[in-house]
There are 2 protein chains.
Amino acid sequence: MPGPTELERNLRAAGLRVTRPRLAVLDAVHAHPHLDTEALIAAARTRLDAISHQAVYDVLRVLTDTGLVRRIQPQGSAARYEARVGDNHHHLVCRDCGAIVDVDCAVGEAPCLTPSDHAGFTVDEAEVVFWGRCPGCTAA
Amino acid sequence: MPGPTELERNLRAAGLRVTRPRLAVLDAVHAHPHLDTEALIAAARTRLDAISHQAVYDVLRVLTDTGLVRRIQPQGSAARYEARVGDNHHHLVCRDCGAIVDVDCAVGEAPCLTPSDHAGFTVDEAEVVFWGRCPGCTAA
DNA sequence: CGCCGTTTCTTGACTCTTTCAAGGGAAGCG
DNA sequence: CGCTTCCCTTGAAAGAGTCAAGAAACGGCG
């Protein structure tokens with residue numbers, strides 16, 4: 001978990017202005033990976049009270065557009081965000097409770113897989129989601 | 001594209017009643033893979049006019065629950081449906097126009113991949129989405 | 001063939017997530 | 001310190017999907 005100074009540098013490096021809402025949201029994403037937007041709004045408000053709903057959405061969009069955070073959206077779930085970016089890792093999702101866990105990619109850079117028949121497409125990324133049941137839900 | 005009789009048999013085999021709305025929706029999914037719900041409603045209405053919005057949603061839910069159709073939902077797109085089921089194939093999605101193309105799975109049965117570290121999860125499926133640009137959008 | 005119980009379809013309103021729009025306010029530059 | 005640009009607040013709305021109540025249709029059974 002990087003200190004505030006590093007978060008600032010991250011923002012500046014991406015050509016973004018440094019503002020309190022952006023720091024709050026970026027810090028929240030670093031501290032709690034795989035949270036949905038509503039939970040991120042709550043987490044950002046523990047860092048900076050009085051930040052609007054809309055500001056969080058705007059900040060998340062800017063951060064994803066610049067590549068500082070990654071947006072993931074498994075079926076049946078609202079959008080979730082994570083700060084681990086650039087290593088092309090994948091996800092394990094529990095069908096019962098929706099828990100998400102990171103899985104390292106064996107290759108490490110996109111695309112780690114290529115389709116057998118690419119139908120003329122230029123493929124730059126292979127997104128892999130492993131579906132199953134987490135240890136807790138397997139027991140229950 | 002199976003005839004009406006085969007669609008009926010599919011429904012019965014899944015333990016479902018045979019109704020006109022179900023045949024219309026199932027036929028539409030067979031005829032047009034990867035359509036979103038709105039387009040499927042329109043397609044179903046060419047087969048059976050006056051079928052409600054809600055009936056299509058209900059039918060699609062029943063069909064996905066029984067495994068007769070598969071629901072896919074790439075990021076940034078509404079839910080889409082396809083009738084090709086049980087062969088664990090994957091998808092190629094164009095980042096620009098959203099076109100979806102099927103890709104055969106080399107293995108053919110789920111899960112075709114297993115994560116390096118499964119974190120205690122019981123994995124039963126690996127969903128793979130290849131992101132890139134289709135031939136048309138690459139040219140433009 | 002017709003009745004009845006169950007399932008399914010219609011209608012209409014509503015929830016939830018996400019986005020749009022307008023205006024005041026802060027960041028950064030000179 | 002003042003100006004310009006970009007960002008955040010407030011409020012409203014769009015889009016996808018869901019909930020609920022009642023009417024209609026399916027299909028088993030007599």
Side-chain angles (χ1 to χ4, degrees), chain A residues 4-5 7-29 34-45 47-66 68-69 71-81 98, chain B residues 4 7-28 34-45 47-66 68-69 71-81 98:
Chain A
T5 315
L7 294 178
E8 276 194 39
R9 262 187 286 127
N10 289 345
L11 287 172
R12 287 188 207 282
L16 299 177
R17 290 190 179 177
V18 177
T19 66
R20 298 159 124 278
R22 287 180 175 180
L23 287 172
V25 172
L26 191 52
D27 186 41
V29 176
H34 309 147
L35 247 46
D36 62 26
T37 312
E38 188 186 8
L40 272 177
I41 292 173
R45 284 186 177 149
R47 289 163 173 75
L48 172 70
D49 40 53
I51 174 174
S52 73
H53 170 87
Q54 184 61 32
V56 176
Y57 272 98
D58 286 350
V59 169
L60 287 172
R61 156 150 339 169
V62 169
L63 295 180
T64 51
D65 286 353
T66 53
L68 288 180
V69 308
R71 175 182 175 140
I72 58 181
Q73 193 170 12
Q75 295 209 184
S77 163
R80 289 159 185 276
Y81 296 87
Chain B
L7 294 178
E8 277 194 39
R9 264 188 285 126
N10 288 346
L11 285 171
R12 288 188 206 282
L16 299 177
R17 289 191 179 175
V18 177
T19 66
R20 297 160 123 278
R22 288 180 174 178
L23 288 172
V25 172
L26 191 51
D27 186 42
H34 309 147
L35 246 48
D36 63 26
T37 312
E38 188 185 10
L40 272 177
I41 293 174
R45 284 187 177 146
R47 289 163 173 75
L48 171 70
D49 41 52
I51 174 173
S52 72
H53 172 86
Q54 184 63 30
V56 176
Y57 272 99
D58 286 350
V59 168
L60 287 172
R61 156 149 343 169
V62 169
L63 295 180
T64 52
D65 286 352
T66 54
L68 288 179
V69 308
R71 175 182 174 139
I72 58 180
Q73 192 170 14
Q75 295 208 184
S77 162
R80 287 158 185 276
Y81 296 86

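Below, read A as the first sequence line, B as the second, and so on, with proteins coming before strands; counting in each chain starts at 1. Small disclaimer: the values here were computed from a predicted structure and weren't measured.
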Check every atom of C/dT18, D/dA16, C/dG28 against the side chain of A/R12 and return the nucleotide holding the closest atom.
->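 In terms of side-chain proximity for A/R12, the closest of C/dT18, D/dA16, C/dG28 is C/dG28.
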Atom-pair distance ([atom1] on [X]; [atom2] on [N]), nearest Å:
| X | N | atom1 | atom2 | answer |
| --- | --- | --- | --- | --- |
| A/Q75 | D/dA16 | CD | P | 16 Å |
| A/D36 | C/dT17 | CG | P | 7 Å |
| B/L60 | D/dA16 | CG | C1' | 13 Å |
| B/Q73 | D/dG15 | CD | P | 17 Å |
| B/I72 | D/dA16 | CD1 | P | 16 Å |
| B/R80 | D/dA16 | CZ | P | 11 Å |
| B/D65 | D/dG17 | CG | P | 15 Å |
| B/L48 | D/dA25 | CG | P | 12 Å |

Is there a side-chain contact between B/N10 and B/L7 (heavy atoms, below 4.5 Å)?
->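 In contact.
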Mind checking what makes side chain to side chain donor-acceptor pair (under 3.5 Å) contact with [X], not counting sequence neighbours?
| X | result |
| --- | --- |
| A/D36 | none |
| B/Q54 | B/D58 |
| B/S77 | B/R80 |

Do any side-chain nitrogens or oxygens of B/T37 fall under 4.0 Å of OP1 or OP2 in D/dG17?
-> yes
Between A/Y57 and C/dT18, is there a side-chain N or O to OP1/OP2 distance below 4.0 Å?
->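 So the side-chain polar atoms of A/Y57 do come within 4.0 Å of the phosphate oxygens OP1 or OP2 of C/dT18, strictly under.
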Let me have a per-nucleotide readout for nucleotides 2-13 of chain C, 5' to 3', with B, S or -, counting only protein heavy atoms under 4.0 Å.
-> ---BBBSSBBB-
Which heavy-atom pair separates A/A44 from A/A24 by the least distance, and what is that distance?
->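 Closest approach of A/A44 to A/A24, heavy atoms only: O-CB, 4.1 Å.
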side-chain contact (heavy atoms from CB on, under 4.5 Å) filter on B/R45, not counting sequence neighbours, yields B/I41, B/I51
Residues passing the side-chain contact (heavy atoms from CB on, under 4.5 Å) test with A/V69, sequence neighbours excluded, are A/L26, A/V29, A/L63, A/T64, A/Y81
